[in-house]
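Here's the structure, in structure tokens; my notes come after.
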Amino acid sequence: MKLFPKSRKKVARGLSVWVSNHYTPTLFGIRGKYESSYKSGQYVESGSPGTGFFVRNSSSRTYKAFCQNERAKLIPTYLDMVRGKEFDFKSELARVEAAQSAGNNDKWRDTILESYANVLPMAREAEEAERIINGIKELAHSRHRLTSYQTHVMSSYKSKIARLGHDVRDIQLHVPDLCSEERYQHFGGVVVAFTQVAASHRIWSVRTNYTGLESSFVQVYFDLGIFDYVQAPLMTPMMRDAEGYKYFLYPDFFLKAKDGVDFTTHDLRELTFLYREVPYDMVSNMVIDSYYDRENTSDVSTHIHRRNYEQFGDGLLVNKDTKALNEMEEENKLRERVVGELYVPELSLRYYVRDFKSLKAFVKEINRYQEELKSGK
């Protein structure tokens, strides 16, 4: 059990430093050979090493506040450390081993867990080296300058991290290895379309309570991320829902994760991505109105409750024929009248997106890709 925030550690012959006992998030294994192009401020770890998202350039103040809150969660506290609430590699490896032993005939889940288990020991070495480097740097605070020997020792630990980063590429799971090169190129169209949806300032996830009569509209954000060190050249679309789950989209499957070990995968061919346009004044005026009020605040967790609109059925649709709808109204007026709805019935997953055009293009693209997937192309 850890009782002190730092401990004295011998890091080289004749050199001992105070090393933090807190877990330190790093960029190890995140973007492979492109890792050096991503600064630590651009990548935010989410719950466990190897899982997180890359912060988008956005003018949305609520998104910036959300990212700031996510970064704040990574700041270590003494209370979390002594209570064992901080991430611990030993505990995580034990969880992975237990999950692998349990088994559930999910080939993608088993493959990801195996890769995750292989990378974690190397990540542990890199993280420890990072804490030692920080400990050596702190010597300069008292002496104003490191000695040549201390600098040499620090360089050796940096070299160790670089060496581990090179070796980890051979054991990480690479998404293109899971499918043909041609199919992954086609999947690239889905990723591009997703990035357009993610840029929307208005995305809400719907949480329906157990009575089925009321729904909560929770503002969420889409990003490009990474899960369990799984590498993808185009990065990975990541969605969040009102319950705190994260969803990662891959060429063959859709992954629903609570954390790096507690997750399930769903065959992309067996999921349905539905799109329709809904007038926001009939869904929830309060959602749209309060959004403008909150744009100048840091509140990113407001929940708005409304009656379940499903009781109205298709009456809420602006028009089943969206082409006819486009002919009825000018573009500016249309954008003030509707929001796009994304519904995945197999997962009871429902979103509303203010930029309905980008959502429509995304659903069209993923449906096209699914048809190719089903045909075996």
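Keep in mind that what you see is a predicted model, and the values were worked out from it rather than measured. These numbers come from the heavy atoms of this one structure, side chains and all, not from hydrogens, waters or symmetry mates.
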Answer whether the closest heavy-atom distance between the side chains of Val353 and Leu342 falls below 4.5 Å.
no
If we count only N and O atoms by modelled type, under 3.5 Å, do the side chains of Tyr221 and Thr62 hold a donor and an acceptor together?
yes
Taking Gln172 for the side chain and Asn118 for the main chain, is one N or O donor matched with an acceptor at less than 3.5 Å?
no
Mind telling me whether Phe227 and Phe248 have parallel, tilted or perpendicular rings, with 30° and 60° as the class edges?
tilted
CZ/Arg95 to CG/Leu93 distance, rounded to the nearest 0.5 angstrom?
11.0 Å
Among all residues two or more places apart in sequence or in another chain, which pass the side chain to side chain donor-acceptor pair (under 3.5 Å) test with Arg109?
none
Hey, could you give me each pair passing ring-ring contact (aromatic ring centres under 6.0 Å, His included) that has a residue in residues 101-140? Not counting sequence neighbours.
Trp108-Phe253
With sequence neighbours left out, write down each residue that passes side-chain contact (heavy atoms from CB on, under 4.5 Å) with Lys9, or none if nothing qualifies.
Val11, Val19, Glu128, Ile132
Any donor-acceptor pair under 3.5 Å from Glu45 side chain to Pro25 backbone
no
Any donor-acceptor pair under 3.5 Å from Glu86 side chain to His22 backbone:
no
So among Ile112, Thr264, Thr236, Val230, which one has a side-chain contact (heavy atoms from CB on, under 4.5 Å) with Leu255?
Ile112
Give every residue pair that meets the salt bridge (charged side-chain N to carboxylate O under 4.0 Å, His left out) criterion with at least one member in residues 219-229, sequence neighbours excluded.
Arg56-Asp223, Asp223-Arg240
Under 3.5 Å, side chain of Ser115 to main-chain N/O of Leu173, donor-acceptor pair present?
yes
Residues in side-chain contact (heavy atoms from CB on, under 4.5 Å) contact with Arg8, at least two apart in sequence or another chain
Ser16, Trp18
Over 12 foreign heavy atoms within 6.0 Å of CG, Asn57
no
Co-members of Tyr343 in a cluster of I, L, V, M, F, W and Y side chains, linked at under 4.5 Å:
Leu274
Apply side-chain contact (heavy atoms from CB on, under 4.5 Å) to Lys258 and list each qualifying residue two or more places apart in sequence or on a separate chain.
Tyr245, Asp262
Is Tyr351 close to Trp204 at the side-chain level, that is, under 4.5 Å between some pair of heavy atoms?
no
Students often mix this up, so state it plainly: with edges at 30° and 60°, are the rings of Tyr43 and Phe54 parallel, tilted or perpendicular?
tilted
Quick one: side chains of residues 158-165, donor-acceptor pairs under 3.5 Å with protein atoms, not counting sequence neighbours, listed by atom name and distance.
unit_1	atom_1	unit_2	atom_2	d
Ser159	OG	Ser155	O	3.0

Side chains of Ser48 and Asp259: is there a donor and an acceptor less than 3.5 Å apart?
no
Any donor-acceptor pair under 3.5 Å from Glu372 side chain to Tyr369 backbone:
no
If you define the side chain from C-beta out and look only at heavy atoms, does anything of Met239 sit under 4.5 Å from Phe194?
yes
With a 4.0 Å cut-off on N to O distance, would you call Arg269 and Asp267 a salt bridge?
yes
Under the rule for side chain to side chain donor-acceptor pair (under 3.5 Å), what residues qualify as partners of Lys73, not counting sequence neighbours?
Glu70
Asn134 side, atom CG; Glu138 side, atom CD - distance, nearest 0.5 Å
7.0 Å
When Thr265 is tested against each of Thr111, Asp110, Asp106 for side chain to side chain donor-acceptor pair (under 3.5 Å), which residue passes?
Asp106
Please say whether more than 12 non-hydrogen atoms of neighbouring residues, nucleotides or ligands are located less than 6.0 Å from NE2 in His152.
no
NZ/NE/NH1/NH2 to OD/OE distance under 4.0 Å, Glu365 and Arg368:
yes
Looking at residues at least two apart in the chain, or sitting in another chain, which of them share a side chain to side chain donor-acceptor pair (under 3.5 Å) with Glu346?
Thr272
Sub-3.5 Å donor-acceptor pair from the side chain of Ser205 to the main-chain atoms of Ala242, do we have one?
yes
Partners meeting salt bridge (charged side-chain N to carboxylate O under 4.0 Å, His left out) with Asp252 (sequence neighbours left out)
Arg183
Check: Phe87 ring centre within less than 6.0 Å of Phe89 ring centre
yes
Among side-chain atoms of Tyr23 and Asp88, is any donor-acceptor pair under 3.5 angstrom?
no
Main chain of Gly29, side chain of Gln231: is a donor-acceptor contact present, judged purely on distance under 3.5 Å?
yes
Taking only residues two or more places apart in sequence or in another chain, which ones pass side-chain contact (heavy atoms from CB on, under 4.5 Å) with Gln196?
Ser358
